[in-house]
Structures are given as C-alpha cells and as structure tokens.
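Beneath this line is the structure, given in structure tokens, with notes to follow.
In the text below, chain A, chain B and the rest are named by the order of the sequence lines, each starting its count at 1.
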There are 2 protein chains.
Amino acid sequence: MDCTVQNAGMQTGRPLEFDPQLALDAAMGVFWQRGFEATSLSDLLAAMGLSKSSFYNAFGSKQQLFEACLVRFRGRHVERMREMLRSAASALAFVREMLLTNAREAREPGPRRGCLIMNTATEFAGRDAAVAACVADAARDFAGVFRTAIEMAREHGEIPREADPEVLARYLLTTMAGLRTMVKAGLPADELEKVVEVAMGALH
Amino acid sequence: MDCTVQNAGMQTGRPLEFDPQLALDAAMGVFWQRGFEATSLSDLLAAMGLSKSSFYNAFGSKQQLFEACLVRFRGRHVERMREMLRSAASALAFVREMLLTNAREAREPGPRRGCLIMNTATEFAGRDAAVAACVADAARDFAGVFRTAIEMAREHGEIPREADPEVLARYLLTTMAGLRTMVKAGLPADELEKVVEVAMGALH
DNA sequence: GGTTAAATGGACCGTACGGTCCAAAAATGG
DNA sequence: CCATTTTTGGACCGTACGGTCCATTTAACC
C-alpha cells in the first residue's frame, strides 16, 4: 500500500516484483481462516510468496497488514452484498438469500472461515482500538445494506409500514453473526436453514 | 484434575497447597477474556497463582487446562440457565431475560468477554477436534434449556402449538451468539435491546 | 521423628516469534 | 552501459513461547 503510493508519483529503479493486491488477498485468506493471533509471520510470507524484507517494505507490520485486510474485506463484501441486493427478485428475497448463504457455509467441505469481520470482533476487537474501529465501520456498512433492503421491502409492502429499518437492519446483522458462529460450532446446514426461516418471521 | 483423582484414592505426603477449582476458575477467566491463543502460560500462572511445576502437575498442559475450562464453563452456565428458567415468571419471560442479559453486556464498563463457548467456536473449534467436541456439547446443552422453555411456553399457550421446539431453540441460540458478537463489535446496549424485541417476534 | 509421597521453585530446553539490517542483485531511465 | 533506485535473500536481533526436569522442601502417616 505504502509502496504503491510511493511508486505512483515518480519511480526509477526496480519495479515491484509482486502484485500488492494479490498479496493482500492471500494474506486476507490466511487471517480469515486462522485469525490474527494464530497466524504467524511465516504463514503470511508463505501464502503471499514474499520475503521478509519485501513484506516489511510493503506492509509495515503484521498488524498494519491485518488492518489493511479488514478494510479490503469490508469493501469487497459490502460491494458483493449490494450486488446481491440489486439482482435479487425482491428485497426480502435478498435478505433470505443473504442469511442462507451464511448458513450454507456449513455445507462446504473445507474449514469454516466464517466472516473475517465477525471473527475479528470476537477475537481481537477488544484489545486494539484501531482494529475495533475497522470492525465497527464494517458492521455499519453491512447494516447499511440491510437497512436499504428493509426500506425497499417496506415500500413494496413486503413488511409492515411501521417497521423500523434501522433496528431491523441491526437484527439481521445480529442474525448473520449468530449463524456464522453456529456454523463454526458445528451445526448442520439444513438445521441452520430452518433457523433462517424462523429468523425471517421476525420481519413482518 | 489429575491430582485430585490421584489424591482421592489414598494419599500420604504433602497435600495440595491451592484449590484446583479456584485455580480453574481463575484460568477460565483469563481464557474467557483473551481467548486461547492470546493467553500465554505466564498469564495463566499469574492468574492462578501457581508455579510452572504445580501447573503442569495439576493440569497437564495449556490445552488440557483449556478443555477443562470449557467443561466447567458449560456446566456452570447451563446450570445458571436452568435456574433462570425455574425462577422466571414465564417461559417466554425467561427467554427474553436470557437474550437481554447477553445484550446488556454492552452496558458493562470493563472489557467484553462474550461467551467462552461462542468465542471458542469462533477462534479455535476449527483447528482441534477435542475442543470442537466441547463446543458442540455445550451448544447442545444450551439449546436444550431453550427447548425446554419453548415446550413450556407452548403448553401455556404463549406460542403457537405448531411451533417446532427444536428449531426455535436453535434459533434462540443463534440469536444469543449473534448478540454476543454484536456486543463485541461495539453496538450500544440500548440498540441491542431493541434487537432482542425484534428477535422475540419470531417466536409467535 | 523417621519415612514416604507429593508439591514446590527455578534452572533449563529447543523453538519460534515479530522485527531489523545490510550487502548484493536487478531493472528501469538516461 | 552507466547511474540510480528499489527489491531481494538471508543473517541476525532479543524475547517469549510451551514444556521438561530435578533437587529441595513440605506435610501427613506410622
């Protein structure tokens, strides 16, 4: 990130040999799967394909990299949510699909990663203010998309007019976080899908 | 634990100088607050007031101690839930109170610990089978109490007769986990209390 | 008070951690 | 092909990790 900015202005000399964005993605994957504490520097170097020097040149420190990953994750997933909302048959259909997507991680074969933001809220947010801020920002963004969906649903009469979009949005975010936790706790996907239907019942 | 069992049979020689249960409680507190990875052996020794030798004599290893803490936490909190249910004005009142208790952690001044079981599900359960089993067992117990409450509520006509207690119980557990995550993410208590009311709406 | 069994403090183990530093290599612009 | 600028690998830093070991102390039983 730093280096990108530096090089943007005027560069002579050897250009970067790796793609910082790609390296960031790789790092994000590791953090996502293992969390901050359990991820060692070597884990990161291996995943990113960097030497230690390049790593510190480009990303500063483990924690700075982590924060960059949080920001990247947030941006990417908020965008994905917005796309889902745009292409959904209805606002409520989007909400259901969103929750189901979370529940269905339990069906995937590999390890359960959950959501990087929620994982971080649980593991790390209490100990570092900067990280806590990243998490809070991301949570606000996610809730914002839900809020938009709720407002749309209200316009279309899918949910009662007196519903409070802000509260319902936070409720949906809460449910999402809960689903991810239950996936990690080992509940099977089909039971979580039933839970989603119950959760949807709170909207009308 | 080991030593307790050993000593139970027939002991001559010096008796234990610390209370294993108390030490276990102290360790649980540290793990609860910081998680497994972020808790160092010295943290544990300081909190438990033990020397390294006594620690390993009595508890085997950091991870064995952690699993013992999980079991203890589970037992204690399931019992606490059962008590709450017993002394509640109604089954639904218990459910509401339970969720509100989780939401209100956001109002407490100190650091947010969440629920040791949920924290562990998020941080650690994916990496160790024994720990995952502890988490799954605890989740089943918690859900069991909710299930009992739902069945009682159904008997008393507080919720529709056609409700599925098993699914609703899992829904409540999911909501609980979500609330704890949102507390850690920094949402204020009064907003989470509104979320609880929305969540209760899914029961009827 | 001797014997015995267990707990105790503290030295010690190798390893891995996150992070720094530097000399050498390499790719661009002129 | 030279000069410049940056990357690069790898040596190196001190620290802390989780865990082992042992000589000593301690308390209970006879």
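Atoms CG (B/D19) and P (C/dA7) sit 14 Å apart, rounded to a whole Å. When the P atom of D/dG19 is taken as reference, atom CG of B/L45 falls 11 Å away, rounded to whole Å. Note: CG (A/N57) to C1' (D/dG10) measures 14 Å, nearest angstrom. The distance from atom CZ of A/F59 to atom C1' of C/dT20 is 18 Å, rounded to the nearest whole Å. At whole-Å resolution of the value, CZ in A/F55 and P in C/dC17 are 13 Å apart.
B/S51 comes within 4.0 angstrom of a base, heavy atoms only.
More than 12 heavy atoms of other residues, nucleotides or ligands sit less than 6.0 Å from atom CZ of B/R107. Atom NE2 of A/H156 has 12 or fewer neighbouring heavy atoms from other residues, nucleotides or ligands inside a 6.0 Å radius.
In this model, no donor atom of one side chain and acceptor atom of the other lie less than 3.5 Å apart for A/S54 and A/N57. Checked by atom type, the side-chain pair A/D43/A/S40 shows a donor-acceptor distance below 3.5 Å.
In terms of phosphate contacts, A/S53 brings no side-chain nitrogen or oxygen within less than 4.0 Å of OP1 or OP2 of D/dG9.
Side-chain atoms of A/S61 stay outside donor-acceptor range of the base of C/dG19, with no qualifying N/O pair under 3.5 Å. Under 3.5 Å, the side chain of B/K52 and the base of C/dG10 form no donor-acceptor pair of N or O atoms.
In plain terms, the two heavy atoms of A/F18 and A/P20 that are nearest each other are O-CD, 3.3 Å.
By the salt bridge (Lys or Arg N to Asp or Glu O under 4.0 Å) test, B/D25 is found to be paired with B/R72, B/R76, residues two or more places apart in sequence or in another chain being considered.
Only at 4.0 angstrom or more do the heavy atoms of residues 36-44 of chain A sit from any atom of DNA chain D, so none qualifies.
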